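For clarity, every value in this text was computed on a predicted model and none was experimentally measured.
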Amino acid sequence: MNENKNHTANAILPISQILPFSHSEKHLRFFELPAVRLIGKSTLDTLYSDPNPIPAFWSEYFRRGYHLVTDDLPHVIPNRVAYFWGSSTGTDQYTYMICVACPAGTPVPDGFEYRDEPAAVVCHGGTNENGDDPYAEEKVKQELFKVGFSLLGPLCEFYPDLDKPFFCVLFTCKRIEE
């Protein structure tokens with residue numbers, strides 16, 4: 001049996017073990033994510049907008065102290081995430097949310113938004129740290145297939161080191177039915 005298949009077949013970790021994070025790992029890591037409530041602030045963006053408004057949105061998030069509120073909430077995934085949804089093929093517009101993943105049902109502070117996500121198996125592979133494409137879905141899809149999983153799609157960007165601006169993408173996936 002493939003060494004990677006043995007590794008991943010027995011290695012679906014609780015999401016709380018996503019840290020420490022090693023961006024130099026040569027294999028996908030898999031995590032069990034319980035149902036979560038994502039709580040934060042969002043903005044609308046358009047794919048390939050120039051200039052990209054997302055860096056300014058992050059600056060505003062910190063300048064207004066939103067992180068002081070969300071960092072005090074209970075976390076299922078350590079650190080902040082950026083969650084996105086609602087991409088429209090006609091306009092390429094989508095919603096981008098800087099948030100934290102809290103236990104399902106966590107009360108939402110006044111003035112903040114939320115999205116509920118069901119339990120899922122998630123994995124991460126590459127990061128954007130060295131100019132790589134962390135959204136390389138075709139590559140992730142191929143790697144997942146080799147170890148008995150199929151790709152469902154990206155879930156969010158995970159920022160493992162709050163002092164460095166790199167991220168990895170957490171993808172939802174499922175075991176291939178045998």
- Not counting sequence neighbours, which residues clear side chain to side chain donor-acceptor pair (under 3.5 Å) with Thr70? List them please. Tyr61

- Task: Could you list the residues that satisfy side chain to side chain donor-acceptor pair (under 3.5 Å) with Gln142, not counting sequence neighbours?
- Result: none

[X] [atom1] to [Y] [atom2] distance, which is reported to the nearest 0.5 Å:
X: Cys168; Y: Arg29; atom1: SG; atom2: CZ; answer: 8.5 Å
X: Thr46; Y: Asn52; atom1: OG1; atom2: CG; answer: 10.5 Å
X: His75; Y: Ile15; atom1: NE2; atom2: CD1; answer: 13.0 Å
X: Ile18; Y: Leu33; atom1: CD1; atom2: CG; answer: 9.0 Å
X: Leu151; Y: Thr172; atom1: CG; atom2: OG1; answer: 6.5 Å
X: Cys123; Y: Phe31; atom1: SG; atom2: CZ; answer: 9.0 Å

[X], [Y]: one ILVMFWY side-chain cluster at the under-4.5 Å cut-off?
X: Leu162; Y: Phe57; answer: no
X: Phe158; Y: Trp85; answer: yes
X: Leu38; Y: Leu152; answer: no
X: Tyr66; Y: Phe62; answer: yes

- Pick one: which of Phe21, Phe167, Phe171 meets ring pair (Phe, Tyr, Trp, His ring centres under 6.0 Å) with His124? Phe21

Does [X] reach the main-chain N or O of [Y] with its side chain, forming a donor-acceptor pair under 3.5 Å?
X: Glu113; Y: Ser42; result: yes
X: Arg175; Y: Gly148; result: no
X: Asn79; Y: Pro160; result: yes

- For Thr43 and Ile54, what are the C-alpha separation, side-chain angles and deciding distance, and is it a side-chain contact (heavy atoms from CB on, under 4.5 Å)? CA-CA 8 Å; Thr43 188; Ile54 299 304; 4.2 Å; yes

- Note on the structure: So the salt bridge (Lys or Arg N to Asp or Glu O under 4.0 Å) pairs with at least one residue in residues 97-111 (sequence neighbours excluded) are none

- Tell me, which pairs form a salt bridge (Lys or Arg N to Asp or Glu O under 4.0 Å) where one or both residues lie in residues 62-83, sequence neighbours left out? Glu60-Arg64, Asp71-Arg80

- Task: Begin from the C-alpha positions of Leu170 and Ile77 and carry the test side-chain contact (heavy atoms from CB on, under 4.5 Å) through to its verdict.
- Result: CA-CA 11 Å; Leu170 297 181; Ile77 298 176; 4.1 Å; yes

- Query: Considering residues, nucleotides and ligands other than Phe84, do more than 12 of their heavy atoms fall under 6.0 Å from its CZ?
  - Reply: yes

Solution key, residues 95-109 side-chain donor-acceptor pairs under 3.5 Å, sequence neighbours excluded:
unit_1	atom_1	unit_2	atom_2	d
Tyr96	OH	Trp58	NE1	2.9
Tyr96	OH	Glu157	OE1	3.3
Thr106	OG1	Pro103	O	2.6

- Task: Quick one: which residue pairs count as a side-chain hydrogen bond (donor to acceptor under 3.5 Å, both in side chains) with a foot in residues 30-40, not counting sequence neighbours?
- Result: Arg37-Asp116

- Task: List the atom of Ile176, the atom of Ser150, and the distance in Å for their closest heavy-atom pair.
- Result: CG1-N, 3.8 Å

- Task: Measure across Ser16 and Pro78 and return the closest heavy-atom pair with its distance rounded to 0.1 Å.
- Result: O-CG, 4.5 Å

- Query: Quick one: does NZ or CZ of Lys174 land under 6.0 Å from the six-membered ring centre of Phe149, within 45 degrees of the ring axis?
  - Reply: no

- Item | Identified side chain to side chain contact (heavy atoms under 4.5 Å, CB included) counterpart of Phe30 within the set Leu144, Leu13, Val122 | Leu144

